[in-house]
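Quick notes on the structure that follows.
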There are 2 protein chains.
Amino acid sequence: MENEKEFLRSHNIKPSIQRIMVLRFLRMNPLHPTAEEVYQGLINEIPTLSRTTIYNTLNFFAEKGLVKVLNLGHNETRYDLNTDEHVHFKCIKCGRIYDLYLSCNLPQKGDVVDGHIITEREVLLKGICRICKGKKGGDDEVQV
Amino acid sequence: MENEKEFLRSHNIKPSIQRIMVLRFLRMNPLHPTAEEVYQGLINEIPTLSRTTIYNTLNFFAEKGLVKVLNLGHNETRYDLNTDEHVHFKCIKCGRIYDLYLSCNLPQKGDVVDGHIITEREVLLKGICRICKGKKGGDDEVQV
DNA sequence: ATCATTGCAAACACTTTGCATACGC
DNA sequence: GCGTATGCAAAGTGTTTGCAATGAT
């Protein structure tokens with residue numbers, strides 16, 4: 001795992017303590033956290049931290065290509081540091097999100113389809129995850 | 001094109017004038033409108049129409065499997081009456097959304113991957129559309 | 001008469017903006 | 001000291017909720 005400061009600099013991002021901590025949090029929590037989860041995860045370590053800074057930082061990271069912004073439905077904006085091509089699976093019962101590494105014949109970055117240049121792709125599968133599958137009916141459950 | 005009342009009834013939806021009009025609007029505007037666009041498109045015909053009813057109706061339609069809810073980023077919830085398996089392409093310059101019919105080897109409804117049961121899938125490609133491609137730099141442009 | 005749908009107003013959640021303060025080179 | 005980052009408070013946006021009025025059978 002590369003040094004955080006160097007990693008930020010290599011993406012043309014001036015390192016600040018907040019930015020370093022957000023990056024560290026994303027690295028330690030690769031489960032596509034929301035902005036709020038990043039905030040909650042850091043507020044104890046940086047008591048003066050503001051949500052504005054989280055949003056600023058995550059948007060800035062996205063702009064610089066460091067994170068990918070995921071829209072997984074229901075105004076659920078999540079941030080993914082993992083830029084490998086992969087697919088997301090979201091459980092409609094518990095809300096858990098899984099990374100799946102499936103080979104896929106969809107057009108890739110740089111391909112042209114119907115005259116459109118593809119620069120990004122996002123695949124979202126939904127269903128019942130292996131954990132919820134085992135359980136009988138009942139209500140939704142909070143994500144772990 | 002099937003009769004609207006019958007179509008609603010066949011999906012266990014009691015037809016009301018608002019529901020019929022929303023369905024008609026979706027059929028005449030297959031460009032994945034937002035709730036606001038549906039509202040704007042109907043407010044002249046039904047002056048007493050409320051946004052609440054649009055949201056109620058669209059959510060009800062989604063629940064009954066009549067429309068698919070698309071999350072295309074940036075809190076952009078759109079509604080798609082077209083339930084054929086297809087892929088969406090969104091232009092990052094002008095915001096236009098295109099339907100693409102690509103064959104795709106991704107898991108389908110009913111497949112099981114890593115123990116997860118797939119019930120739905122959504123593929124979003126992003127990039128520069130064929131219209132914007134031709135244009136030189138400059139700013140974004142409103143969707144037609 | 002009963003039950004479902006509509007629609008207003010208010011509440012809500014999430015995100016962005018304006019601006020003053022603090023920080024780093 | 002100057003340019004940038006931070007953080008508070010407020011505004012903005014899109015959506016949902018509570019509830020009274022209306023409509024359908």
Side-chain angles (χ1 to χ4, degrees), chain A residues 4-6 8-9 11-25 32-64 66-67 69-79 95 140 142-143, chain B residues 4-5 8-9 11-25 32-64 66-79 95 140 142-143:
Chain A
E4 283 136 0
K5 277 190 199 176
E6 286 314 314
L8 290 176
R9 287 215 182 85
H11 283 78
N12 286 314
I13 298 172
K14 279 193 204 171
S16 71
I17 183 63
Q18 289 88 346
R19 289 169 175 181
I20 289 170
M21 295 296 271
V22 169
L23 172 60
R24 187 175 299 166
F25 184 87
H32 329 88
T34 62
E36 183 65 20
E37 285 164 0
V38 177
Y39 176 75
Q40 292 302 333
L42 295 178
I43 186 62
N44 286 327
E45 291 180 85
I46 315 177
T48 63
L49 186 66
S50 129
R51 280 183 183 82
T52 306
T53 300
I54 299 296
Y55 284 108
N56 284 343
T57 302
L58 290 171
N59 288 339
F60 194 52
F61 282 6
E63 195 182 304
K64 296 294 187 180
L66 200 151
V67 300
V69 180
L70 305 180
N71 285 92
L72 304 184
H74 222 70
N75 289 347
E76 213 185 331
T77 304
R78 296 182 169 272
Y79 298 86
D140 297 2
V142 181
Q143 174 163 1
Chain B
E4 283 137 0
K5 277 189 197 175
L8 290 176
R9 286 213 183 87
H11 283 77
N12 286 312
I13 297 171
K14 279 195 206 169
S16 70
I17 183 64
Q18 290 86 348
R19 288 169 176 180
I20 289 170
M21 296 295 273
V22 169
L23 172 59
R24 186 174 301 166
F25 184 87
H32 328 87
T34 62
E36 182 65 21
E37 285 163 1
V38 177
Y39 176 75
Q40 292 302 334
L42 296 178
I43 186 61
N44 286 328
E45 291 180 86
I46 314 177
T48 63
L49 187 65
S50 128
R51 279 184 184 81
T52 305
T53 299
I54 299 297
Y55 284 108
N56 284 344
T57 302
L58 291 171
N59 288 339
F60 194 52
F61 282 6
E63 197 181 303
K64 297 294 187 182
L66 201 150
V67 300
K68 200 171 167 191
V69 180
L70 305 180
N71 285 91
L72 304 184
H74 222 72
N75 289 347
E76 212 185 333
T77 304
R78 296 182 169 272
Y79 299 86
D140 297 0
V142 180
Q143 172 163 2

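Side chains are part of it too, since the values below use all heavy atoms of this structure and drop only hydrogens, waters and symmetry mates. Numbers restart at 1 for each chain; the letters A, B, ... are given by sequence-line order, proteins then strands.
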Review point. Does OP1 or OP2 of D/dT6 have a side-chain N or O of A/S50 closer than 4.0 Å?
Key: no
Review point. What pair of heavy atoms forms the shortest contact from A/L49 to A/Y39, and how long is it?
Key: O-CE1, 3.6 Å
Review point. Between B/H74 and B/I17, which has a closest nucleotide on DNA chain C that is more 5'?
Key: B/I17
Exercise for review: Examine D/dG14: is either OP1 or OP2 under 4.0 Å from a nitrogen or oxygen in the side chain of B/T77? Give yes or no.
Suggested key: no
**Study point:** Under 3.5 Å donor-acceptor, A/R78 side chain and A/H32 backbone
**Key:** yes
Practice item. Please check the phosphate of C/dT5 (OP1 and OP2 only) for any side-chain N or O of B/R19 closer than 4.0 Å. Key: yes
Practice item. Take B/I46 and B/K14, find for each the nucleotide of DNA chain C with the closest heavy atom, and name the residue whose nucleotide sits nearer the 5' end. Key: B/K14
Point to revise | Any B/T48 side-chain N or O less than 4.0 Å from OP1/OP2 of C/dG7 | key: yes
Practice item. Can you tell me the distance, in whole Å, between the CG atom of A/L42 and the P atom of D/dG7? Key: 11 Å
Study note, to complete from the structure: Separation of D/dT15 atom P from A/E76 atom CD, nearest Å, is 15 Å
**Study point:** Separation of atom CZ in B/R51 from atom C1' in D/dT17, rounded to whole Å
**Key:** 17 Å
**Study point:** N or O in side chain of B/N56 less than 4.0 angstrom from D/dT16 OP1/OP2
**Key:** no
Point to revise | d(OH, B/Y79; P, D/dG14) in whole Å | key: 12 Å
Point to revise | Any A/Y55 side-chain N or O less than 4.0 Å from OP1/OP2 of C/dT16 | key: no
Review point. Looking at CZ of B/F25 and CG of B/L42, how far apart are the two atoms once the value is rounded to the nearest 0.5 Å?
Key: 6.0 Å
Study note, to complete from the structure: Between CG of A/L58 and P of C/dC14 the distance, given in whole Å, is 15 Å
Check your understanding: For D/dG23, does OP1 or OP2 lie under 4.0 Å from any side-chain N or O of B/Q18?
Key -> no
Point to revise | Euclidean distance, atom CG of residue A/L8 to atom P of D/dT4 [Å, nearest integer] | key: 18 Å
Review point. Is the shortest side-chain N/O distance from A/T57 to OP1 or OP2 of D/dA5 below 4.0 Å?
Key: no
Point to revise | Salt bridge flag under 4.0 Å for residues B/R19 and B/E4 | key: no
Review point. Atom OH of B/Y39 to atom P of D/dT15: distance rounded to whole Å?
Key: 14 Å
**Study point:** B/T57 side chain to B/T53 backbone, donor-acceptor under 3.5 Å
**Key:** yes
**Study point:** Whole-Å distance separating the CG atom of A/N71 from the P atom of C/dT15
**Key:** 9 Å
Review point. Is any side-chain N or O of B/T52 under 3.5 Å from a base N or O of C/dC8, one able to act as donor and the other as acceptor?
Key: yes
Exercise for review: Name the closest nucleotide to the A/S16 side chain, picking from C/dT5, D/dA5, D/dG7.
Suggested key: D/dA5
